[in-house]
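Shown next, in structure tokens, is the structure this report addresses.
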There are 2 protein chains.
Amino acid sequence: MLSQIAPSDDLAFFRPHQFLARENERPEAYYDILEGWACRHRLLSDGRRQITALYLPGDLCDPIWPLSGVCHDAVVALTNVRAVRRPLGDMQPLDRSRGAGLRLAESIERQSGWLVSLGRKTAVERLAHLLLELFERMRRAGLAYGQQCALPLTQTDIADATGLTAVHVNRTLQAMRAKGVLEFHSKWLRIPDLGALRDLAALGPHDPV
Amino acid sequence: MLSQIAPSDDLAFFRPHQFLARENERPEAYYDILEGWACRHRLLSDGRRQITALYLPGDLCDPIWPLSGVCHDAVVALTNVRAVRRPLGDMQPLDRSRGAGLRLAESIERQSGWLVSLGRKTAVERLAHLLLELFERMRRAGLAYGQQCALPLTQTDIADATGLTAVHVNRTLQAMRAKGVLEFHSKWLRIPDLGALRDLAALGPHDPV
DNA sequence: CGAATTCTTGAGTTTGATCAAGAAGTGTGG
DNA sequence: CCACACTTCTTGATCAAACTCAAGAATTCG
């Protein structure tokens with residue numbers, strides 16, 4: 001057991017496709033992700049899938065659970081995930097750690113950004129926005145190396161996060177690669193010019209990322 | 001001053017297009033809306049607009065402000081708005097009223113629902129989803145009369161909430177009217193068959209609304 | 001090494017966007 | 001109460017971004 005982990009906490013491990021939480025379940029604990037990626041998503045009856053959040057190392061999964069007590073969307077691991085399991089039962093909403101409120105606020109801001117992206121942006125803009133956001137989050141987590149970072153998503157995952165089809169994501173990424181604004185192979189992202197990609201993302205001057 | 005309003009609170013009034021909060025401002029108070037509608041939105045540099053939340057009578061505007069201290073998106077009145085102004089300075093996050101946490105949770109759930117709508121649903125499904133949600137919220141606020149309620153949005157507002165164009169909203173609403181699943185004129189909505197509209201909205205069995 | 005994903009490419013289609021103009025509706029001041 | 005201005009709604013014609021279907025190549029994983 002690691003020294004900074006409280007006695008009542010446990011380490012938890014998940015394999016790809018394994019559920020951290022199921023739809024409309026009352027979660028008993030939430031997870032402080034140490035390693036690996038997970039996502040929250042919703043499936044429509046005909047199979048359409050929308051990813052509504054991505055969880056990276058350092059993220060809480062999910063900061064809203066303490067607040068609402070239920071998780072409406074399923075959460076599944078995208079890679080192997082190692083996390084600290086924090087029981088929900090005995091805590092005051094948002095008071096367990098001082099950072100919980102801020103992290104919740106951040107995740108809500110992020111959702112608004114995604115809403116703008118899905119509602120009003122083109123394929124290129126959505127992809128630029130998403131990849132930039134993920135790179136920035138990895139950088140803040142200390143997991144970027146210069147202009148590069150791991151990005152363990154399939155093109156289908158990216159499609160389900162951006163509201164596009166996998167085929168269109170593939171073609172659009174190729175076009176962006178051809179223009180030299182990004183490199184992305186074997187789950188590894190490199191952004192030669194952050195400013196150029198930021199321009200492509202149609203972000204405002206005040207937007208984070 | 002109304003009897004149920006605390007001494008430090010004030011009534012506030014807004015006209016259509018008036019700001020309740022500006023982009024990247026630190027709000028000093030939030031609003032408990034008594035009457036009228038408002039929306040939170042973001043504008044892209046070329047004029048594209050996405051509405052990221054709608055505030056109806058009974059809603060807090062905005063439940064996230066106490067948490068983050070800044071409002072990233074502008075909030076403007078869509079109609080005349082009458083609201084109770086609640087200063088933010090002297091309160092513990094989420095502790096002012098017991099319901100604040102729940103209302104925040106609700107508004108986040110709603111955002112996830114919108115994310116799925118914008119990312120994966122067709123025009124008909126998005127419109128059905130939005131109108132159903134708004135009707136249900138009006139009903140819970142005690143402002144629905146049978147299957148009808150006020151819905152003071154222009155087709156442009158609806159377009160900016162659903163990520164469509166105003167022209168396409170117009171045509172799609174006409175098609176839905178022709179099928180008899182809804183009536184909507186002069187800012188008044190009637191839903192003859194809630195179940196039928198719900199089917200059109202591609203909502204899951206557990207989704208609210 | 002073989003099975004299963006994931007990625008790539010092509011051809012054809014569709015949904016929804018764009019542009020433009022006129023009709024209907026709403027509100028305001030005289 | 002009417003006239004004028006402005007916004008909102010409606011319609012038509014055309015266009016484009018993204019989707020669908022399909023099949024083969026490249027990777028990944030056990």
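Treat the numbers as computed from the prediction; the structure is a model and nothing was measured. The chains referred to below are lettered A, B, ... by the order of the sequence lines, with proteins before strands, and numbering in each begins at 1.
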Next item on the list: Assess whether side-chain contact (heavy atoms from CB on, under 4.5 Å) is satisfied between A/Asp73 and B/Val116, documenting all intermediate values.
Entry: CA-CA 11 Å; A/Asp73 305 351; B/Val116 176; 5.5 Å; no
Note to self: It should be established whether A/Asn170 places a side-chain nitrogen or oxygen under 4.0 Å from OP1 or OP2 of nucleotide C/dT8.
What the structure shows: yes
Next item on the list: Please work out whether the ring planes of B/Trp188 and B/Tyr145 are parallel, tilted or perpendicular, with thresholds of 30° and 60°.
Entry: parallel
Item checked: Gap between atoms CG and P, on A/Leu151 and C/dC7 respectively (whole Å) -> 11 Å
Notebook entry, point to check: Within a reach of under 6.0 Å around CD of A/Gln174, are more than 12 heavy atoms found that belong to other residues, nucleotides or ligands?
Noted result: yes
Check: Between A/Asp157 (CG) and C/dT5 (C1'), how many Å, whole number?
Finding: 12 Å
Margin query: Would you say that B/Trp37 contacts B/Met138 through its side chain, given a criterion of any heavy-atom pair below 4.5 Å between the two side chains?
Written below: yes
Item checked: side-chain hydrogen bond (donor to acceptor under 3.5 Å, both in side chains), paired with A/Ser112, selected from B/Gln111, B/Gln50, B/Arg42 -> B/Gln111
Note to self: Atom CZ of residue position B/Arg26 - does it have more than 12 heavy atoms of other residues, nucleotides or ligands inside 6.0 Å?
What the structure shows: no
Check: Between A/Gln174 and C/dC7, is there a side-chain N or O to OP1/OP2 distance below 4.0 Å?
Finding: no
Checklist line | Length of the CG-P vector between A/Asp46 and D/dT20, whole Å | finding: 10 Å
Note to self: Please report the distance, rounded to the nearest Å, between CG in A/Leu153 and C1' in C/dT5.
What the structure shows: 15 Å
Check: What is the distance, rounded to the nearest whole Å, between atom CH2 of B/Trp188 and atom P of C/dG25?
Finding: 19 Å
Check: Can you give one letter per nucleotide of nucleotides 11-24 of chain C, going 5' to 3': B for a protein heavy atom under 4.0 Å from the base, S for sugar-phosphate only, - for none?
Finding: B----BSBB-----
Checklist line | Flag, side chain of B/Arg49 to backbone of B/Leu43, donor-acceptor distance under 3.5 Å | finding: no
Next item on the list: Verify the contact: side-chain N or O of A/Arg177 to OP1 or OP2 of C/dC7, cut-off strictly under 4.0 Å; return yes or no.
Entry: no
Next item on the list: For A/Leu78 and C/dT5, give me the distance from atom CG to atom C1', rounded to whole Å.
Entry: 15 Å
Checklist line | Base-contact (B) and sugar-phosphate-only (S) positions in nucleotides 25-30 of chain D, heavy-atom cut-off under 4.0 Å, - elsewhere | finding: ---S--
Which pairs of donor and acceptor atoms, one on a side chain in residues 16-25 of chain B, lie under 3.5 Å apart (sequence neighbours left out)?
{"residue": "B/Gln18", "atom": "OE1", "partner": "B/Arg15", "partner atom": "N", "Å": "2.7"}
{"residue": "B/Glu25", "atom": "OE1", "partner": "B/Arg22", "partner atom": "N", "Å": "3.2"}

Notebook entry, point to check: Within less than 4.0 Å of OP1 or OP2 of D/dT10, is there a side-chain N or O belonging to B/Gln155?
Noted result: yes
Notebook entry, point to check: Hey, are B/Arg126 and B/Ser117 close enough side-chain-wise for a donor-acceptor pair under 3.5 Å?
Noted result: no
Check: Expressed in angstrom and rounded to an integer, what is the separation of B/Leu173 atom CG from D/dT11 atom C1'?
Finding: 15 Å
